[in-house]
Amino acid sequence: MKLKSQINDVIKNAFVKAGIEHEPMSVTEATKPEFGDYQFNGAMALAKRLGKNPRQIAEMIMENLDFSGIVVKAQIAGPGFLNLWINPLWIAQQVQSALHDERLGVSKRENPIKVVVDYSGPNMAKQMHVGHLRSTIIGDTLANLLTFLGDEVIRQNHIGDWGTQFGMLIAYLEETDEDGSGSLKDLEQFYKDAKERFDADEAFADKAREYVVKIQSGDEHCLKLWQKFIDISLRHCEDVYDKLCVKLTRDDVKAESFYNKDLPEVIEELLEKNMLTKSDGAQCIFLEGEEIPVIVQKGDGGYLYATTDLAALRYRANVLEAKRIAYVVDARQGGHFKQVFKVAKESGFVPEDVKLEHIAFGTMMDKNGKPFKTRDGGTVKLIDLLDEAVVKAKGAIKDKEGYSKEEVEALAKIIGIGAVKYADLAINRESNYIFNWDKMLSFDGNTSLYMQYAYARIQSIFRKFNGEIKGDIVIGDALEHRLSVMLLRFEDMLESAADNATPNQITAYLYDLATLFMRFYEHNPILKEGVDEKTKMSRLQLADLTAKTIKQGLDILGIEVVDRL
RNA sequence: GCGCUUGUGGCUCAAUUGGAUAGAGCAUCAGACUUCGGAUCUGAGGGUUAGAGGUUCGAGUCCUCUCAGGCGUACCA
């Protein structure tokens with residue numbers, strides 16, 4: 001249900017009837033209930049151009065409004081706001097049809113496009129740490145969202161599996177534990193040990209350097225070791241993805257090394273296009289208005305990550321045929337992406353009509369606003385953080401007696417992981433955010449627990465009712481009206497969240513919806529005595545669609561619901 | 001130095017992309033229960049949106065300057 005565009009149509013027709021020409025303008029949601037359901041502010045904007053006062057224009061529109069369909073009432077207010085009320089009968093119908101639709105009335109895109117979402121991107125030499133959390137879950141949410149809306153989403157996990165450190169790592173692997181079963185349990189420790197060995201023993205260091213060259217030249221033995229190392233490291237990541245309920249699989253992995261064969265071609269094509277300048281021995285692209293060049297080839301002939309990113313962009317635009325490519329990467333790399341995108345367009349690696357986006361996000365901070373670290377100053381391993389979340393969630397479960405031990409485990413996982421994800425997704429992704437266990441595991445406020453509670457509470461109504469729902473929805477009062485309109489806004493909200501890549505729009509919506517439902521439920525009894533059958537049935541259906549919408553919304557965020565908690 | 005970015009009640013965050021009296025939660029205070037799950041609901045206090053100018057019918061949002069923080073600044077990714 002594209003509610004907004006339906007109301008826009010009503011306005012547009014009024015403009016046509018009034019004989020006013022104008023570029024399309026959209027209504028917005030009313031800021032207050034007294035102002036109706038939607039408002040149109042265009043009269044003010046048009047006033048100057050038409051040489052009329054805004055209230056006059058608003059009146060012209062109002063006189064030509066069709067009040068026989070969606071809109072039943074309009075009112076001019078203030079300098080020229082046109083407040084609009086939606087027909088409750090129409091709303092009731094729409095809610096009912098949404099309830100009987102698998103997609104809750106959300107339409108599939110008429111013109112779906114191929115979208116690449118690049119996210120997570122762990123480094124195979126190290127364990128995943130908290131820095132990967134945001135990319136992983138924001139990216140996954142965006143991918144889920146676009147998939148739900150009907151786009152063809154290609155998830156891409158651009159893992160870091162290439163570079164000089166792998167020479168050292170595989171040399172150490174060969175020396176200590178060639179099958180990798182034991183010492184690689186903790187990658188962080190493994191890396192530390194290898195580095196120590198590297199610094200202490202000159203012979204080992206030489207071997208490590210030699211192995212770098214050998215992998216790059218395709219030496220079979222070294223490649224085998226390398227592959228083993230990557231496999232084990234990737235399995236660590238998959239444990240994390242699994243715990244996080246993130247949908248990334250091995251099929252989504254396109255590692256850095258995948259683009260190795262393309263790198264010389266990238267340089268060659270840039271040469272042909274006359275875009276390269278040699279500076280201090282390195283191949284550079286100097287962009288207009290940019291002080292620092294993009295270096296694509298080092299003085300020693302080696303390639304850099306800008307080169308790989310260009311190769312990846314080329315692949316994604318031409319082979320994968322993506323029309324939108326979204327990089328969910330830390331905001332600090334903004335400069336890098338700005339430049340690389342520019343080069344990609346200017347060189348023709350990516351056609352003009354392909355949309356390139358850097359979905360930037362801020363850093364995770366501790367309570368004191370400092371970057372999130374362990375007590376002794378190390379990076380926090382993601383897997384440890386998630387395990388802790390589950391332990392803490394167990395403490396939050398009130399009535400443990402009602403469940404078996406396994407049920408408590410399962411519940412704690414859903415609650416704990418959901419809390420971590422929701423807290424992250426609920427804030428504007430571009431700002432840094434402060435990580436706080438107590439806040440995220442609270443039942444109050446805009447948290448996953450509040451949402452899960454709201455859902456469970458509605459399920460409890462249906463357990464108690466345990467009958468067949470029939471009859472029509474009737475909008476009985478202002479709260480039911482507002483709740484219904486909120487439910488119908490679902491698609492508009494999702495579209496906006498998808499366009500801007502802003503998961504916090506989803507959480508904000510869900511929170512508003514749940515809050516509104518709680519108020520509705522407090523004031524409008526459903527199963528209590530004295531509620532007539534028709535009203536009961538109508539309210540049950542509103543509750544049903546609310547629960548389904550919460551569930552669908554959380555599902556897009558990759559968060560599960562439970563019937564009881 | 002240059003560039004990017006942020007600054008909103010005590011705290012954590014919103015604000016439909018320039019719209020009406022800047023909204024929530026936490027905390028504080030005051031209410032509502034023989035609970036359709038009170039893990040709820042109703043209400044109150046708390047703001048010169050860092051500061052100063054400007055643009056216009058209208059600015060937290062756009063422009064300029066100042067102050068304060070964060071980040072980035074050519075052969076790591």
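Below, chain A is the first sequence line, B the second, and so on; all start at residue 1. What's counted below: heavy atoms across the whole structure, side chains too, no hydrogens, waters or symmetry copies.
Distances shown here put every side-chain N or O of A:Arg332 at or beyond 4.0 Å from the OP1 or OP2 atom of B:A77. Close to B:C36, at under 4.0 Å from its OP1 or OP2, lies a side-chain N or O of A:Lys528. Between A:Tyr422 and B:G25 there is no side-chain N or O to OP1 or OP2 distance below 4.0 Å. Residue A:Arg519 places at least one side-chain N or O closer than 4.0 Å to OP1 or OP2 of B:U42. Within the structure, every side-chain polar atom (N or O) of A:Lys4 is placed at least 4.0 Å from both OP1 and OP2 of B:U16. Distances shown here put every side-chain N or O of A:Thr28 at or beyond 4.0 Å from the OP1 or OP2 atom of B:U16.
Atom NE2 in A:His336 sits about 12 Å away from atom C1' in B:C76, given to the nearest Å. Atoms CG (A:Asn524) and C1' (B:U42) sit 15 Å apart, rounded to a whole Å. When rounded to the nearest whole Å, the span between CD of A:Glu529 and P of B:U35 equals 13 Å. One atom, CD1 of A:Ile461, and another, C1' of B:U35, lie 13 Å apart when rounded to the nearest Å. Between A:Phe465 atom CZ and B:G37 atom C1' there is a gap of 18 Å when expressed in whole angstrom units. Note: CG (A:Asp438) to C1' (B:G25) measures 15 Å, nearest angstrom.
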- Item | Strand RNA chain B as a dot-bracket string - pairs counted if Watson-Crick or G-U with both distances under 3.5 Å, | where the partner lies in another strand | (((((((..((((.....[...)))).(((((.......))))).....(((((..]....))))))))))))....
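In this structure, A:Lys126 is positioned above the aromatic face of A:Tyr191, its NZ or CZ under 6.0 Å from the six-membered ring centre and within 45° of the axis.
A salt bridge links A:Asp118 to A:Arg316: one of the charged nitrogens lies within less than 4.0 Å of a carboxylate oxygen. A:Asp532 and A:Lys534 are not joined by a salt bridge, as no carboxylate oxygen comes within less than 4.0 angstrom of a charged side-chain nitrogen.
Contact annotation for A:Ala77: base contact, defined as any heavy-atom pair under 4.0 Å involving a base atom. Base engagement by A:Asn41 is indicated by at least one non-hydrogen atom pair under 4.0 Å involving a base atom. Within 4.0 Å of A:Asp563, counting heavy atoms only, lies at least one base atom of the nucleic acid. Residue A:Leu565 is in base contact, counting any heavy-atom pair closer than 4.0 Å across all strands shown. Residue-level contact check: A:Ala47 touches neither bases nor backbone, having no heavy atom under 4.0 Å from any strand. Contact annotation for A:Lys48: backbone-only contact, meaning every heavy-atom pair under 4.0 Å involves sugar-phosphate atoms and none involves a base.
Mapping A:Pro54 and A:His158 onto RNA chain B via the closest heavy atom, the residue that lands nearer the 5' end is A:Pro54. Residues A:Gln333 and A:Leu527 both approach RNA chain B. Their nearest nucleotides, taken by heavy-atom distance, put A:Leu527 toward the 5′ side.
On the P atoms, B:G19 is 25 Å away from B:C4, given to the nearest whole Å. Taking the C1' atoms as reference points, B:U5 lies 16 Å from B:A50, given to the whole Å. Comparing B:G47 with B:G10, their C1' atoms sit 12 Å apart, to the nearest whole Å. The same atom, C1', is picked in B:C63 and in B:U56; the two are 13 Å apart, to the nearest Å.
In this model, a side-chain donor or acceptor of A:Tyr521 finds a partner on the base of B:C36 within 3.5 Å. A donor N or O paired with an acceptor N or O is found under 3.5 Å between the base of B:A20 and the side-chain atoms of A:Asn83. For B:A77, the base has no donor-acceptor partner in the side chain of A:Glu256 [N/O atoms by modelled type, under 3.5 angstrom].
Within 6.0 Å of the NZ atom in A:Lys52, the count of heavy atoms belonging to other residues, nucleotides or ligands does not exceed 12.
You can call A:Phe35 stacked on the base of B:A20; the centres are under 5.5 Å apart and the planes sit within 30°. The aromatic ring of A:Phe81 sits over the base of B:A20, with ring centres less than 5.5 Å apart and planes inclined by under 30°.
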- For A:Lys439 and A:Thr447, what are the C-alpha separation, side-chain angles and deciding distance, and is it a side chain to side chain contact (heavy atoms under 4.5 Å, CB included)? CA-CA 8 Å; A:Lys439 213 185 119 198; A:Thr447 64; 6.0 Å; no
- Item | Chi angles and distances behind the ring pair (Phe, Tyr, Trp, His ring centres under 6.0 Å) call for A:Tyr259, A:Tyr303 | CA-CA 11 Å; A:Tyr259 300 102; A:Tyr303 304 106; over 10 Å; no
- Query: Taking it one step at a time, do A:Asp309 and A:His336 satisfy side-chain hydrogen bond (donor to acceptor under 3.5 Å, both in side chains)?
  - Reply: CA-CA 10 Å; A:Asp309 274 343; A:His336 164 74; 2.7 Å; yes
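Between A:Tyr455 and the options A:Leu554, A:Thr546, A:Asp563, a side chain to side chain contact (heavy atoms under 4.5 Å, CB included) holds for only A:Asp563.
Using a 90° window around 0 for the glycosidic torsion, B:U12 falls outside it and is classed as anti.
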What donor-acceptor contacts under 3.5 angstrom involve side-chain atoms of residues 510-522 of chain A, with partners at least two apart or in another chain?
| residue | atom | partner | partner atom | Å |
| --- | --- | --- | --- | --- |
| A:Thr515 | OG1 | A:Tyr511 | O | 2.6 |

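Judged by distance alone, the side chain of A:Gln339 and the main-chain N or O of A:Ile292 form a donor-acceptor pair under 3.5 Å. Between the side chain of A:Ser347 and the backbone N or O of A:Leu270, no donor-acceptor pair lies under 3.5 Å.
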- Contact state string [nucleotides 6-15 of chain B, B base, S sugar-phosphate only, - no protein heavy atom under 4.0 Å]: ------SSS-
